[in-house]
Undergrad: 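Right, I'll just put the structure down here and ask away after.
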Amino acid sequence: MPNLSKHYTSGTVEKKWYDTWEEHKIFESRPDDREPYSIVIPPPNVTGVLHMGHMLNNSIQDILIRKARLDGKNACWVPGTDHASIATEAKVVNWLREQGIKKGDLSRDKFMEYAWEWTDKYGGIILKQLKKLGASCDWSRTAFTMDEVRSGQVIQAFVDLYQKDKLYRGLRMVNWDPEAQTVLSNEEVIHSEENSLLYHVRYPVEGTDEHLIIATTRPETILADTGVAIHPDDERYHHLKNMKVRIPIADRIVPVISDDYVEMEFGTGALKITPAHDVNDYEIGQRHELEVIDIFEDDATINDLGLHYKGLDRFEARKKIVKELEEKGFLVKTEDYSNSVGRSERTGAVVEPKLSLQWYVDMKSLAAPALDAVMTDEVRFFPSNMKNTYKHWMSNIRDWCISRQLWWGHRIPAWYYEDQIFVATTAEEALEQAQKAFPDQNLTASDLRQDEDVLDTWFSSWLWPFSVFDGMDGGDEVDYYYPTATLVTGWDIIFLWVARMVMAGYEWKGEKPFQQVYFTGMVRDKQRRKMSKSLGNSPDALELIEKFGADGVRFGLLSSSPAGGDLLFEEKLCEQGRNFCNKMWNGLRLIKGWTISSSTNSTSDKETIIREIALTWFEDKLKEQEDLIQKDFDEYRLSEAVMKLYNFIWNDFFSWLLEVVKPPYGDAIDQASYDRIIQIYENLMKLLHPFMPFVTEEIYQQLRLRKEGDFIATSSWPEGGECDTSMFDTMESIKALVTQIRDLRNKHQLKQKEPLDLYFAKSESTTNLLRQSGMKEILIKMAALGKVEQTTEAPKDLHASIVQGRIKAYLMLPGVDVEEERQKLEEELDYARGFVKKIESKLANERFVQNAPEAIVAKERKKLEDGKGRVAMLEESLEQLL
RNA sequence: GGGAGAUUAGCUCAGUUGGUUCAGAGCACCUGCCUUACAAGCAGGGGGUCACUGGUUCGAGUCCAGUAUCUCCCA
């Protein structure tokens, strides 16, 4: 036996093959005559580390790209990272703070130097980790959203949209993240129900003794109130129309206005209006020309307008103001309340509505072709029900706020002079424009002021499917690879990313960015909680790989993860994958341990006959599997495909076929059979390779002597083709008989190897079964039988009856209990009679016979015949017991 | 408030155009085995009124309506 260790060692094998693959550059792709199959990676955060979601997502991409490679397509998986403005800037700011440096003390240029230093230091770690997972990316194409090529296209996109009038600067209420101190797009705000308090506050009505009671969750904004609203139809407050109220604490006198936005049923039916700090209030304020008083600094502490609360954080101020309201008799009551609170996706800070001047993309002008593409399946979604979500968002689309008050990112290419805006790819061009606009003023570069803000990171990511090919302006690469084949991503970024890529694709390439989108589910823990750092419920990705091997982890992630469905992760799944590797490894050891004889003399004829029939059967089974797996790929049922392979390899190949063809101890195996077994094993490994690349490569290399540069990774997918199913039923009957015999042994506590005699009750079925060359021998070998013969009457000695389909047999068992045997037979008979009755009534129904397709009726007749035969066999056995 | 989806074995999920002995898989569980590839293993076994109620149909896990429970998205 070759020197193969008892257990499969994933660590060394995986490193060896990844290094070898890279040395041979087999993942690199250049345009050629073949059909392209390209995937662009959803770029992870440049300074991020690999987590469970990445592993799932990238395993799926790797499966697809490896399959395409085996299919002979020109497979190109482009890796890369994104600069993640908010997250990365926050990390850099923290890093600087640890060194005692404040961002505020740095110039923009100096800060960027530090940020690049940080990026160079920690950037790309995640890409190295992807290699450990087996990701077969073309690393020579690694892109970064802020590298030169990508940046140029981002700026170009901005300028182009501005020139097409699809981009504008506007004063709007925005979502302000006070922690990151930047504006956020609507999609970056996560709304959820949170427990809070509803405060009922008394507002004195001017010139009367009355009070108007107003319910609010944000009493600190009382300081910014500039009005109070009631519903025009609300009779309770009719008399207050056109009167004024006095704001508590602020002591400001403001008007009572009527507006049908007010919900009469909510709270007291009266609403305080704070135009500076609430989206709806702002609109009401606009309608009624109310003053706008902003009481917050950018970090959400109270400013000069907040009286003696100046300098306090908003939540601190809330506590204090409630106390003051209470002391001064303004607070009527406080009740528990649950309301929707928006938080920043990146920092978790409660988002503060704020009035601000920002850049927006006019989305309505981009949405139409993008909506159409998905609804007509020009871009196919898996699972398809994501189309509904997409449609809803696209049909109610709102403009996209793309400016961010950060330094890390692409600086907005807009320059200002007085009240004029000049948008251009460079400062020089902007200056030229300005000089043309103000010919008399001798403008120089220093007269123009560039916008301080950067662009939303997604404004670079939405170009990704063509920007990675430097394809904004066309070119051979983009012509060849675009549109890409499949996008694999989580459904949580369908709006942030997927929808926008489709829009950008049509806007700049006039074509969809990808053929299909495969949405993965979220990786959750057993309690269905989303895996997150803060919960600490996420296993360390690299430790997992170390423990179970990348193949094991990939198997674990894939085996229960249908498209769009969440994955409830447990280590057990990876363990199963590792065990599977070990099983295959040991199967290899078994085969490699056999001695091969060139002459047939050294193997008994019986074994040769067995092998001939078993291998022929299995080769056809394999073809059938190949077709089934291909269908699963076509429909993106990857979980099902991998589980099919798991079952087929473990149960059909190892537990059945190899046991059948295994030479008896000490015997050799004939060369012809051996070659067929190697070929089968090789094909199985090819089918499994996309899912478990390393172990399959290792086994592929061990199965035969390979030439330098011959890899399973670049081999070809086995063709399914015609398969002869004629032997399938017979083999299943044999298997079922073997199982029944083994069960009877177990129940009678007989050793598995003690030979038992078996007599078949003579019938057409049994004659047919035994006539097929080798079937009887397989039965004898697998069930460890002695004599196997046909008989016309039941044996007189103690035996157990076996009824399998239309086959009846008697297994000679010395210790069989007659009563037990009777009971068993009676139970089976009951079931069989019930079955017959059901079919009889079905066939007695004229409408069934008339309406059902002929084939179905024929099948039912066949079922009835079989069932009746079975009843007869069981009845006969029972009689013989007496 | 608007919308989407789910409910099948103890758990996680398949079940494709309504039709085969259709009620499945993996894990978990139980029994027996260290059998010369594998205890990371082998052989076998038990377990479900397909959420509930009606309807369409010759026939429903599958289609329709309602009910209950749960999940998610959007505002």
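Chain letters run A, B, ... following the sequence lines, proteins first, then strands; residues in each count from 1.
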Undergrad: Residues two or more places apart in sequence or in another chain: which of them pass ring pair (Phe, Tyr, Trp, His ring centres under 6.0 Å) with A:W400?
TA: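 A:W400 satisfies ring pair (Phe, Tyr, Trp, His ring centres under 6.0 Å) with A:F459, A:W462 once adjacent residues are dropped.
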
Undergrad: Name all residues meeting the side-chain hydrogen bond (donor to acceptor under 3.5 Å, both in side chains) criterion together with A:S726; count only those two or more places apart in sequence or in a different chain, and write none if there are none.
TA: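 A:S726: side-chain hydrogen bond (donor to acceptor under 3.5 Å, both in side chains) contacts with A:D724.
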
Undergrad: Quick one: side-chain contact (heavy atoms from CB on, under 4.5 Å) partners of A:K583, sequence neighbours excluded?
TA: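 Checked A:K583 against side-chain contact (heavy atoms from CB on, under 4.5 Å); matches are A:W650, A:F654.
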
Undergrad: Just to be sure I follow the notation: if a pair is Watson-Crick (purine N1 to pyrimidine N3 plus N6-O4 or O6-N4) or a G-U wobble (N1-O2 and O6-N3), each under 3.5 Å, what dot-bracket string does RNA chain B give, with | for pairs to another strand?
TA: (((((((..((((.....[....)))).(((((.......))))).....(((((..]....)))))))))))).

Undergrad: Would you please name every residue forming a side-chain hydrogen bond (donor to acceptor under 3.5 Å, both in side chains) with A:R343, sequence neighbours left out?
TA: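 Partners of A:R343 by the side-chain hydrogen bond (donor to acceptor under 3.5 Å, both in side chains) criterion, ordered by chain and then number, come out as A:E194.
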
Undergrad: Looking only at side-chain atoms of A:K583, point me to the closest of B:A40, B:U36, B:C42.
TA: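 In terms of side-chain proximity for A:K583, the closest of B:A40, B:U36, B:C42 is B:C42.
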
Undergrad: Do A:L198 and A:N339 come within less than 4.5 Å of each other through their side chains, counting heavy atoms only?
TA: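 Of all side-chain heavy-atom pairs linking A:N339 with A:L198, none is under 4.5 Å.
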
Undergrad: Kindly indicate, with the supporting measurements, whether the criterion salt bridge (charged side-chain N to carboxylate O under 4.0 Å, His left out) is fulfilled by A:E828 and A:R870.
TA: CA-CA 9 Å; A:E828 281 182 42; A:R870 189 175 167 80; 3.7 Å; yes

Undergrad: Under the side-chain hydrogen bond (donor to acceptor under 3.5 Å, both in side chains) test, which residues partner A:S384, sequence neighbours left out?
TA: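 Per chain and number, A:S384 pairs via side-chain hydrogen bond (donor to acceptor under 3.5 Å, both in side chains) with no residue.
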
Undergrad: With 3.5 Å as the limit, what N/O pairs link the protein to nucleotides 71-75 of chain B?
TA:
from	atom 1	to	atom 2	distance (Å)
B:A75	OP1	A:R398	NH2	2.9

Undergrad: Treating primed atoms plus P, OP1 and OP2 as sugar-phosphate and everything else as base, which nucleotides of nucleotides 56-61 of chain B get B, S or - for protein heavy atoms under 4.0 Å?
TA: --B---

Undergrad: Which pairs, protein N/O on one side and nucleotides 27-31 of chain B N/O on the other, fall under 3.5 Å?
TA:
from	atom 1	to	atom 2	distance (Å)
B:C27	OP1	A:Y646	OH	3.4
B:A28	OP1	A:K572	NZ	2.9

Undergrad: I want to verify a distance call: between B:A25, B:U36, B:G41, whose nearest atom is closest to the A:N647 side chain?
TA: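 It is B:A25.
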
Undergrad: Pick the P atom in B:G46 and in B:G26, then give their distance to the nearest Å.
TA: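 Between the two P atoms, the distance is 15 Å.
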
Undergrad: What pairs of nitrogen or oxygen atoms, one from the protein and one from nucleotides 15-17 of chain B, lie under 3.5 Å apart?
TA:
from	atom 1	to	atom 2	distance (Å)
B:U16	O2	A:R637	NH1	3.2

Undergrad: List the residues meeting side-chain hydrogen bond (donor to acceptor under 3.5 Å, both in side chains) with A:S801, not counting sequence neighbours, and say none if there are none.
TA: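 For A:S801 the side-chain hydrogen bond (donor to acceptor under 3.5 Å, both in side chains) partners, ignoring immediate neighbours, are A:S877.
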
Undergrad: List the residues meeting side-chain contact (heavy atoms from CB on, under 4.5 Å) with A:A641, not counting sequence neighbours, and say none if there are none.
TA: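 With neighbours one apart ignored, the set is A:I629, A:D632, A:F691.
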
